[in-house]
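A, B, ... follow the sequence lines: proteins, then strands. Residue 1 opens every chain.
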Protein chains: 2
Amino acid sequence: MNKYIDFLKTNNIKVTPQRIAIIELMDQYGHISVRDIFAKIKANFPTLSLATVYKNINAMLESNFIKELKIVGHDSKYELVKEDHSHMICNECGKVEDIDLETKTLITDAKKISNYSIDESNIQLFGICPECR
Amino acid sequence: MNKYIDFLKTNNIKVTPQRIAIIELMDQYGHISVRDIFAKIKANFPTLSLATVYKNINAMLESNFIKELKIVGHDSKYELVKEDHSHMICNECGKVEDIDLETKTLITDAKKISNYSIDESNIQLFGICPECR
DNA sequence: GTACTTGCAAATACTTTGCAAGTTT
DNA sequence: AAACTTGCAAAGTATTTGCAAGTAC
């Protein structure tokens, strides 16, 4: 947790209890929606406002501390920024999991074919997780 | 265009001028947002309602005639369903382009690592297109 | 003490729904 | 003629903004 607090300080984002609660949830769940953040924090922290959640998410997105994940059929989810990784999504239970895949070849091919420079990739694979099968 | 009209008929979706206009735009632009569909059609067809655009998009999504593309930092875009492909997105001009990439290895790896079955993939690569560099 | 953040209420934006009139088949 | 679609207005949901009071540093 301390590394997160240090990050906030370094980026001149003041450390408030609301922010710590949001970051803890992202750390715990990996990927979480605004609706779920609000519901979970509100339970122990009844004065929390939805506007505060949105403002904080937007602030943390701007400083590149968290990342938005848009997934067809789901609300947007947010995750703490970490090394690049891909996502597996279970069509049965809705779970989203990180997975480390070797993407070098894919990206090299894409550069060759498209003549784009490439900064970032978003790779999502949909299927059924082992627990749901 | 006729293949699209046939598809609608086969799926018991009535062929209206509004629907034809939406499909023509998707065919022409490849990927287009609700906002842009509405603006472009409204120009020649002033009575068109936004609700009609939404209803039609939802009907076409349900019959799997079109697909939604969620892209971070962009409005959702819609495309006609065709063979699987990936997307290149230019961070400068915002353009979205199809690209055919070999994804077999990636998907095989993912199955092995995660033990998921995999039905579908969403691969987006962000960078700068040749025209913007 | 200054500057930023919070919570509330209001505003804006986005999407869906109900229904009467019109269209497609 | 039956069934579906359209456009409008209203409702519902999601997100942002303004501002006074409170908190972090």
**Prompt:** Should A/Y78 and A/L69 count as side-chain neighbours, where that means a heavy-atom distance under 4.5 Å?
**Reply:** no
Residues in residues 55-80 of chain B with a heavy atom under 4.0 Å of DNA chain C, by number, are B/K55, B/N58
Apart from A/V72 itself, its cluster of hydrophobic side chains linked below 4.5 Å comprises none
Between CG of B/L8 and P of D/dC4 the distance, given in whole Å, is 15 Å
query: Are B/D36 and B/K77 within salt-bridge range, i.e. N to O under 4.0 Å?
result: no
Residues pairing under side-chain hydrogen bond (donor to acceptor under 3.5 Å, both in side chains) where one sits in residues 37-48 of chain A, two or more places apart or in two chains, turn out to be A/Y29-A/K40
Open item on the list: Regarding B/T47, tell me which of base, sugar-phosphate or nothing describes its non-hydrogen contacts under 4.0 Å with the strands shown.
Closed with: sugar-phosphate
The first and last nucleotides of DNA chain C lying within contact of chain B, meaning any atom under 4.0 Å from one of its heavy atoms, run from C/dC14 to C/dT25
For residues 119-133 of chain A, tabulate all N or O donor-acceptor pairs below 3.5 Å that involve a side-chain atom, not counting sequence neighbours.
| unit_1 | atom_1 | unit_2 | atom_2 | d |
| --- | --- | --- | --- | --- |
| A/D119 | OD2 | B/N91 | ND2 | 3.4 |
| A/E120 | OE2 | A/K67 | NZ | 3.0 |
| A/N122 | ND2 | B/Q124 | OE1 | 2.8 |
| A/Q124 | OE1 | B/N122 | ND2 | 2.9 |
| A/Q124 | NE2 | A/K70 | O | 2.9 |
| A/E131 | OE1 | A/K95 | NZ | 3.0 |
| A/R133 | NH2 | B/N115 | O | 2.5 |

Do any side-chain atoms of residues 10-18 of chain B form donor-acceptor pairs under 3.5 angstrom with protein atoms, and if so which ones, sequence neighbours left out?
| unit_1 | atom_1 | unit_2 | atom_2 | d |
| --- | --- | --- | --- | --- |
| B/T10 | OG1 | B/D6 | O | 2.7 |
| B/N11 | ND2 | B/F7 | O | 2.9 |
| B/T16 | OG1 | B/R19 | N | 3.2 |

When rounded to the nearest 0.5 Å, the distance separating CG of B/D84 from CG of B/L101 is 11.5 Å
Residues of residues 9-35 of chain A with a heavy atom under 4.0 Å from any atom of DNA chain C, listed by number, are A/K14, A/T16, A/Q18, A/R19
So the stems of DNA chain D, runs of at least three Watson-Crick or G-U pairs (under 3.5 Å), are C:1-25 with D:1-25
For B/T52, is there any backbone N or O sitting under 3.5 Å from a side-chain donor or acceptor partner on B/N56?
yes
Under a side-chain separation threshold of 4.5 Å, the hydrophobic residues clustered together with B/V81 are none
Comparing B/Y54 with A/P46, nearest DNA chain C nucleotide closer to 5' gives the residue A/P46
message = Let me check something: do B/I22 and B/L80 share a hydrophobic cluster, defined by ILVMFWY side-chain heavy atoms less than 4.5 Å apart, either directly or through other members?
response = yes
Taken in chain and number order and not counting sequence neighbours, the residues that satisfy ring pair (Phe, Tyr, Trp, His ring centres under 6.0 Å) with A/H87 are A/H31, A/H85
Contacts of A/H74 meeting ring pair (Phe, Tyr, Trp, His ring centres under 6.0 Å) (sequence neighbours excluded), chain-then-number -> none
Distance-only donor-acceptor hits, side chain of residues 103-114 of chain B, under 3.5 Å, sequence neighbours excluded:
| unit_1 | atom_1 | unit_2 | atom_2 | d |
| --- | --- | --- | --- | --- |
| B/T108 | OG1 | B/K104 | O | 2.7 |
| B/S114 | OG | B/A110 | O | 2.7 |
| B/S114 | OG | B/Y116 | N | 3.0 |

